[in-house]
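One structure below.
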2 protein chains.
Amino acid sequence: MRLSSMADYAVVTMSAAARHCGGVRVSAAELATETGLPAPTVQKLVSLLTRGGLLRSVRGAGGGLQLARPAAAITLADIVEAVEGPIALTSCAPHGKHDCALEHSCSVRPHWAVVNEAMRGALAGVPLTRLAQGADLALKNKTDREIA
Amino acid sequence: MRLSSMADYAVVTMSAAARHCGGVRVSAAELATETGLPAPTVQKLVSLLTRGGLLRSVRGAGGGLQLARPAAAITLADIVEAVEGPIALTSCAPHGKHDCALEHSCSVRPHWAVVNEAMRGALAGVPLTRLAQGADLALKNKTDREIA
DNA sequence: CCTTAATCAGACTGATTCGTTCCGATTTCA
DNA sequence: TGAAATCGGAACGAATCAGTCTGATTAAGG
């Protein structure tokens, strides 16, 4: 019931990338210094996010990253799905895994789909623009003095 | 973003216990045979559920378990909270953990509270009565196997 | 056209948490 | 009083996750 640290960091990274909407290309190292996260971790995150279709990567010297879509079209659900796979509370829902010992007589399985949809809706209701807005407020008030 | 197996099994166990609403006392071993789960696992589950205040345990020979409250007053949120602790996607939300490297300049933290509340609402909207009802339907019809 | 340099992408290692199992303390019935 | 059956907590093993490293790819510069 608690998402992984990688997903949490991914949200922070995407929020930092959204701030560079004007700058066409942003390097992963730059995002690492801004967010304060370890550089290798950010590299792995941008790899997953690019593979998920949220970021567009430009390789080579002077390359970098940019949002594949407008920030308003990216939601929390997209980020979480890109890092942790499909949003499903149980592993039996997606394609009928037979790992469950209850097999066919599972009584609660029909209800998981409803809960999953409600949960995805809650995440999809928060666009990246709102998170970036919060970032601006935080940076405006606190004035980043501790990046270390 | 996917709850633990223990929480999943706890829901199944509670659903099975709700079916014995007429029977005052149900043993953990009986629940294990009904659900098909390992007996020690069910023992640990009932321990957690009793500690969480959802089940009332009666020790001694001929003892057993029974619901501490009516099935209508127990929701998915209660079960998940009893097994996995408070429902929070991030560990920083509840009481300001300082483990996060971002510390106080975290931009997305203010928004997690809203998402957490929405998620808890989605879980709280499913009472145990509906799950027990689904159990009856599943045993009676067993038609809908493919929901995805 | 070649070299250089900077970038992303995938594979490996270590650690933490989760799931499972076992044994002891407690309580009631015969 | 004896004994059986129950819950409760503690220990072991396995799996997943977080973090790190090295290699392949690409664009710019000489």
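In what follows, chains are A, B, ... by sequence order, proteins preceding strands, each numbered from 1. Computed from a predicted structure; not experimentally measured.
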Roughly how many Å is it from [atom1] in [X] to [atom2] in [N], rounded to a whole number?
| X | N | atom1 | atom2 | result |
| --- | --- | --- | --- | --- |
| A/R56 | C/dC8 | CZ | P | 14 Å |
| A/L65 | C/dC8 | CG | C1' | 8 Å |
| A/L31 | C/dC8 | CG | C1' | 13 Å |
| A/L37 | D/dT20 | CG | C1' | 15 Å |
| A/L45 | D/dT20 | CG | C1' | 13 Å |
| A/K44 | D/dA18 | NZ | P | 10 Å |
| A/L3 | C/dT17 | CG | P | 16 Å |
| B/E30 | D/dC7 | CD | C1' | 16 Å |

Looking at every strand, decide which applies to [X] at a 4.0 Å heavy-atom threshold: base, sugar-phosphate, or nothing.
| X | result |
| --- | --- |
| A/A29 | nothing |
| B/P38 | sugar-phosphate |
| B/S4 | sugar-phosphate |

Where do A/I87 and B/R2 land on the side-chain contact (heavy atoms from CB on, under 4.5 Å) test, with the steps shown first? CA-CA 7 Å; A/I87 295 175; B/R2 185 171 50 190; over 6 Å; no
DNA chain D: A/E84 or B/L48, which has the more 5' nearest nucleotide?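 Going by which nucleotide is closer to the 5' end, it is B/L48.
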Select one nucleotide: of [options], the one nearest the side-chain heavy atoms of [X].
| X | options | answer |
| --- | --- | --- |
| B/Q43 | C/dC23, C/dA6, C/dA9 | C/dC23 |
| A/M6 | C/dC8, D/dC7, D/dG19 | D/dG19 |
| A/T41 | C/dC8, D/dG19, D/dC7 | D/dG19 |
| A/R59 | C/dT27, C/dT21, C/dA9 | C/dA9 |

Is there a side-chain polar atom (N or O) of [X] under 4.0 Å from OP1 or OP2 of [N]?
| X | N | value |
| --- | --- | --- |
| A/S47 | C/dC8 | no |
| B/S27 | D/dA5 | no |
| A/T50 | C/dA9 | yes |
| B/R51 | D/dG9 | yes |

Between B/E81 and B/R120, does any side-chain N to carboxylate O distance fall below 4.0 Å?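 A salt bridge links B/E81 with B/R120.
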side-chain contact (heavy atoms from CB on, under 4.5 Å) between B/L123 and B/T75: does it pass, once the steps are laid out? CA-CA 7 Å; B/L123 290 171; B/T75 65; over 6 Å; no
Assess whether atom CZ of B/R51 is packed by more than 12 heavy atoms of other residues, nucleotides or ligands within 6.0 Å.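 Result for CZ/B/R51: open.
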Going by distance alone, is a donor N or O of one side chain under 3.5 Å from an acceptor N or O of the other, for A/Q66 and A/H20?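 No, no side-chain donor-acceptor contact under 3.5 Å.
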